[in-house]
Amino acid sequence: EVVALGSDRFISAGEALFTAARELKAHGHYAAGVDMLARAIDWQRDWSVVGSPTVSDRLALARMHYEADEWPEAAELLSPLQRERPEDADVLGAAGTLAARMGNEAAARGALSALRAKTGQFRYGRHLLWAARIAAVLGDHVTALSLLRGAFARGCGHDIALHTDIDLSRLSTDERYREMLRPRG
């Protein structure tokens, strides 16, 4: 249905499929999630060829490849974005998590430091959320949890997407993380 509806200015059909894939995987429907992720990648890649992909479109496709464990493809997409937008928190974060997954700890820690150093511009804690993801992939739960608390304190929402985050899922066995995400109210 979402493919038939297409895209709007807020989300592409590929991103909607990506969200569905993440939800399926997070709720134990791994095979269906993998299939949906492949559909998301196909849609986003095809859109990028025929449309005028924005930075967000290009970054979304890189993140889809990342989540599909297609790291060389993700790196190929992120490389030009890093040259074009070296200070962009989303680009830095995506590159940092990829570096951590690929075993390049120096690059991952460099991205984490650059994200932590971002001050002055109100980012709703997004830069610290990315830093928390990098720390989680590096296996540093204490730092990841601290950064996540900092992200929340700066306005990052406790939104539903956090439970589907492939990087933060590395914290899922930590009671402190589960308590952070526990619904309140």
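For reference, positions follow the sequence shown, starting with 1.
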Does L98 belong to the same Ile/Leu/Val/Met/Phe/Trp/Tyr cluster as V55, with side-chain heavy atoms less than 4.5 Å apart forming each link? yes

Can you tell me if H127 uses its side chain to pair, donor with acceptor, with the backbone of K118 under 3.5 Å? yes

Are more than 12 heavy atoms, taken from residues, nucleotides or ligands other than R149, located less than 6.0 Å from that residue's CZ atom? yes

Taking CZ in R85 as the centre, count heavy atoms belonging to other residues, nucleotides or ligands within less than 6.0 Å. Is the count above 12? no

I need the minimum non-hydrogen distance between G14 and M64, along with the two atoms involved. O-CE, 3.4 Å

Spatial distance of atom NE2 (H29) from atom CG (D35) [nearest 0.5 Å]: 13.0 Å

Start with the C-alpha gap between L115 and R133, add the side-chain angles, then the distance that decides, and say whether side chain to side chain contact (heavy atoms under 4.5 Å, CB included) holds. CA-CA 11 Å; L115 288 161; R133 288 173 173 141; over 6 Å; no

Run the side chain to side chain contact (heavy atoms under 4.5 Å, CB included) test on I41 and E73 for me, step by step, so that the C-alpha distance in whole Å, both residues' side-chain angles and the decisive distance to 0.1 Å come before the verdict. CA-CA 11 Å; I41 290 170; E73 292 85 347; over 6 Å; no

Are the side chain of T97 and the backbone of G93 linked by a donor-acceptor contact shorter than 3.5 Å? yes

Indicate the atoms forming the closest heavy-atom contact of T143 with A135, along with that distance. CG2-CB, 4.0 Å

Nearest 0.5 Å please: distance from the CG atom of L112 over to the CG atom of L128. 9.5 Å

With a 3.5 Å distance limit and no angle check, can you tell me whether R178 reaches the backbone of T173 through a side-chain donor-acceptor pair? yes

Considering non-hydrogen atoms only, spot the tightest contact between R58 and P80 and give its length. NH2-CB, 4.0 Å

Beyond-backbone contact of H163 with E23, side-chain heavy atoms, under 4.5 angstrom: yes

Which residues, ordered by chain and number, are linked to F152 in its hydrophobic cluster, where ILVMFWY side chains connect at heavy-atom gaps below 4.5 Å, directly or through other members? L129, L145, L148, L162, L168, L171, Y177, M180, L181

d(F18 CZ, S12 OG) to nearest 0.5 Å is 10.5 Å

When hydrophobic residues are tied together by side-chain contacts of less than 4.5 Å, even through go-betweens, does L81 share a cluster with Y66? yes

Treating Ile, Leu, Val, Met, Phe, Trp and Tyr as nodes and any side-chain heavy-atom pair under 4.5 angstrom as an edge, say whether L77 and L59 lie in one connected cluster. no

Are the side chain of D57 and the backbone of T54 linked by a donor-acceptor contact shorter than 3.5 Å? yes

According to salt bridge (charged side-chain N to carboxylate O under 4.0 Å, His left out), who are the partners of R101, at least two apart in sequence or on a separate chain? D167

Closest contact, heavy atoms only, A60 versus E15: CB-OE2, 3.7 Å

Let me see the working for L138 and R109 under side chain to side chain contact (heavy atoms under 4.5 Å, CB included), right down to the final yes or no. CA-CA 9 Å; L138 290 172; R109 292 208 180 275; 3.7 Å; yes

Steps toward side chain to side chain contact (heavy atoms under 4.5 Å, CB included) verdict (V142, R176): CA-CA 10 Å; V142 172; R176 297 165 297 182; 4.3 Å; yes

Carboxylate-amine/guanidinium contact E179 R182, below 4.0 Å: yes

Euclidean distance, D140 CG relative to S146 OG, rounded to 0.5 Å: 9.5 Å

Does W71 share a hydrophobic cluster with L61, counting links as ILVMFWY side-chain heavy atoms below 4.5 Å and allowing steps through other members? no

Are W130 and V137 connected, step by step, through hydrophobic side chains (Ile, Leu, Val, Met, Phe, Trp, Tyr) whose heavy atoms are closer than 4.5 Å? no

Atom CZ of R63 and atom CG of D90: how far apart are they, to the nearest 0.5 Å? 9.5 Å

Spacing of CZ belonging to R126 relative to CG belonging to D88, to within rounding of 0.5 Å: 9.0 Å

Counterpart residues, side-chain hydrogen bond (donor to acceptor under 3.5 Å, both in side chains), relative to D42 (two or more places apart): R45

Are there more than 12 heavy atoms of other residues, nucleotides or ligands under 6.0 Å from atom CD of E76? no

How close do A108 and I134 get, counting heavy atoms only, and between which atoms? O-CG2, 3.6 Å

Where is the tightest heavy-atom contact between T164 and A26, given as atom of each residue plus distance? CG2-CB, 3.8 Å

